[in-house]
Amino acid sequence: MTSLIRLALLLSTALLANSSWLDYVQQIGRNQVTSAGSLQSDWPNTGFRFQFLATNTSADIEISFADCYGSCHSYVAVEVNCERVGKFEVSSSHLKVQQSLLTNKGQTYDIVLRKVTETSCGDAYGVLETSSVTVSGGDLLPAKEFSSICAKKNQLIVFGDSYTAAYGVDQLSPCSYSAATQDVTHGYAVLMANELEADIHVIAWSGKGVVHNNGDVNQMSVNPLPTYSNRTLGGFATPDVNTNYWDPKNYEPQVAIVMLGTNDYSTQPQPTDDQFITGLVDIVHQIESDYSNAKVLLLCAPGASSVQCKNIKAAADATAVTYLAIPAD
C-alpha cells in the first residue's frame, strides 16, 4: 500500500453539520476540550486517533488546526495503520497539512496524529489546537466502534527532562536544538513503550529538574518539573481543579518512570543532597498517591554525575521503589 495523508478543513461535510467531530476520535495523552469544541494539546506525544471505513480506492483525510494568532509552533507526526507516514509543521502560517491516501474499498484505516515537540523549548511553543477531522472517500467511525487496529495492551507514564522529550534527537552530533529536530517518538520513552505495546503519557520538559532547573540562579527553582505533574496543559497554570487539572483517575499506568536530576546538577548553585533527595521522595509519594497501582522506577540518566546517581538511589531506597542507572554506552 502506498500512502499519503492529506490534512485540511471541509466545513461543508455532513459530519460537522450533524455531530461533533470529537465523537469520532480517541484522545491520546492529556488534552483539553474547549467550549468551542476543539482539542488542545501541548505535552509531547499528545494527540488523537480516528478510524474510517474506505468507500473508494482513495481518500482525502482532512484535519484543521485553529488560528493561534502567531503564538504557536510545533510538529506533528501522522501514522496510518501503525506505520508512520510523515512529520509536519504546524504554526500560525501552517494551519493545514495536506495529503491523500490510497485505500482498499471496504477496509478500515486507523489514523493517529501525535504532537512530537514539547510544551516550550526554543522555537517549539504554544498549544496545538485541532478544530475538525473529516474524510472524503471514507466514512468516519464513532470512537465507540473502533476496531483493535494498533491497540495497546499496557499503560506507562514517564516524568522527565530533555532526555525524555527527545531534545534534538533528529540532529546529527554535535546536536543543536530546533523544533524541527525534536521528535519524542524517536526518544527512549516512546521507543520503549512501542516495544512493550504500551500507551504512554510523557510529562517531560527540557531544562526542568527535581528542585533546580538548568540555568536558574537560585538553588531551589520556583517551577521545577513537579509543578507541572498534574496539569492537563503544561503551559497553563493550574489555579484550581476546574481549569487545568489533570485528574489521575483518567489514566491507570502499570509503571511510572521518573528520569530527572541532570538539570539539578548541570549549573550552579546545585541543590544540597537533602534538598534533592527530599524533592525526589516527594515526587514518588505524589505518584503513589495519584497512581496507586503503578510500580515506580527511578532512573539515573546516562553520563550523570556520581552525586546525582547516589542521591537518586538514596531516594529510591527511602521509598522502597526500583532504581536503575543507565550506562552512557
Side-chain angles (χ1 to χ4, degrees), residues 4-52 59-80 84-101 109-120 124-136 138-144 146 150 179 182-185 199 201-202 231-236 244 246 250:
L4 297 169
I5 302 291
R6 187 179 178 193
L7 305 167
L9 173 64
L10 287 180
L11 293 175
S12 61
T13 63
L15 168 62
L16 292 182
N18 298 324
S19 180
S20 167
W21 73 277
L22 292 172
D23 294 334
Y24 296 80
V25 304
Q26 179 186 81
Q27 296 182 36
I28 297 172
R30 300 181 179 185
N31 301 284
Q32 187 88 276
V33 177
T34 71
S35 58
S38 59
L39 194 67
Q40 294 181 327
S41 316
D42 72 350
W43 289 112
N45 203 50
T46 49
F48 55 90
R49 157 180 286 107
F50 61 96
Q51 294 186 353
F52 71 91
D60 289 333
I61 304 167
E62 306 190 359
I63 299 173
S64 176
F65 306 101
D67 185 0
C68 57
Y69 304 102
S71 60
C72 66
H73 185 227
S74 60
Y75 281 80
V76 298
V78 176
E79 302 161 14
V80 178
R84 179 164 170 158
V85 298
K87 178 179 176 181
F88 308 101
E89 184 178 18
V90 180
S91 68
S92 58
S93 57
H94 295 85
L95 291 172
K96 298 177 183 179
V97 184
Q98 302 181 348
Q99 285 193 349
S100 295
L101 176 67
Y109 290 85
D110 182 277
I111 313 297
V112 171
L113 181 140
R114 302 179 191 274
K115 184 175 183 287
V116 298
T117 47
E118 61 184 291
T119 302
S120 179
Y125 55 88
V127 174
L128 178 72
E129 184 169 345
T130 309
S131 56
S132 67
V133 171
T134 60
V135 175
S136 299
D139 294 330
L140 281 170
L141 301 177
K144 60 184 179 182
F146 280 8
C150 308
Q182 183 172 41
D183 192 327
V184 69
T185 67
D199 179 66
H201 282 201
V202 178
R231 292 188 184 184
T232 303
L233 299 176
F236 287 78
N244 191 34
W246 173 259
N250 293 331

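Below, each value reflects all heavy atoms present in this structure, side chains not excepted, and no hydrogens, waters or symmetry copies.
- A donor-acceptor contact shorter than 3.5 Å links the side chain of Asp42 to the backbone of Gly234.
- Residues Val80 and Tyr109 have side chains in contact (heavy-atom distance under 4.5 Å, counting atoms from C-beta outward).
- Summarising the geometry of Leu39 relative to Gly47, their closest heavy-atom pair is CD2-O, 4.3 Å, with the distance given to 0.1 Å.
- In this structure, OG1 in Thr130 is found 5.0 Å from CZ in Phe65, a value given to the nearest 0.5 Å.
- Using cut-offs of 30° and 60° for the angle between ring planes, the Phe48 and Trp21 rings count as perpendicular.
- Checked against side-chain contact (heavy atoms from CB on, under 4.5 Å), Gln40 has the following partners two or more places apart in sequence or in another chain: Gln32, Thr34, Val127, Glu129, Leu233.
- Across every non-hydrogen atom of Ile28 and Val112, the tightest pair is CD1-CG1, 3.6 Å.
- Residue Asp23 holds its CG atom at 8.5 Å from NZ of Lys144, rounded to the nearest 0.5 Å.
- When every heavy atom of Phe50 is checked against every heavy atom of Tyr24, the shortest pair comes out as CB-O, 3.3 Å.
- In this structure, Ser38 and Ser131 approach most closely via the heavy-atom pair CB-CA, 4.1 Å.
- Under 3.5 Å, the side chains of Asn31 and Ser41 contain a donor-acceptor pair of N or O atoms.
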Inset, instruction - Kindly indicate, with the supporting measurements, whether the criterion side-chain contact (heavy atoms from CB on, under 4.5 Å) is fulfilled by Asp139 and Phe52. - result: CA-CA 5 Å; Asp139 294 330; Phe52 71 91; 5.9 Å; no
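- Rounding to the nearest 0.5 Å places CZ of Phe88 at 12.5 Å from NE2 of His94.
- When every heavy atom of Gln26 is checked against every heavy atom of Phe146, the shortest pair comes out as CB-CE2, 3.8 Å.
- Remark: Ser74 engages Val90, Lys115, Thr117, Leu128 in a side-chain contact (heavy atoms from CB on, under 4.5 Å) (not counting sequence neighbours).
- Note that the CZ atom of Arg30 and the OG1 atom of Thr232 stand 7.0 Å from one another [nearest 0.5 Å].
- Counting only N and O atoms by type, the side chains of Thr185 and Arg84 include a donor and acceptor under 3.5 Å apart.
- At distances below 3.5 Å, not a single donor-acceptor pair connects side-chain atoms of Arg231 with backbone N or O atoms of Asn244.
- Considering all non-hydrogen atoms of both residues, Ile63 and Val133 come closest at CG1-CG2, 3.7 Å.
- Glu79 CD to Arg49 CZ: the interatomic distance, rounded to the nearest 0.5 Å, is 7.5 Å.
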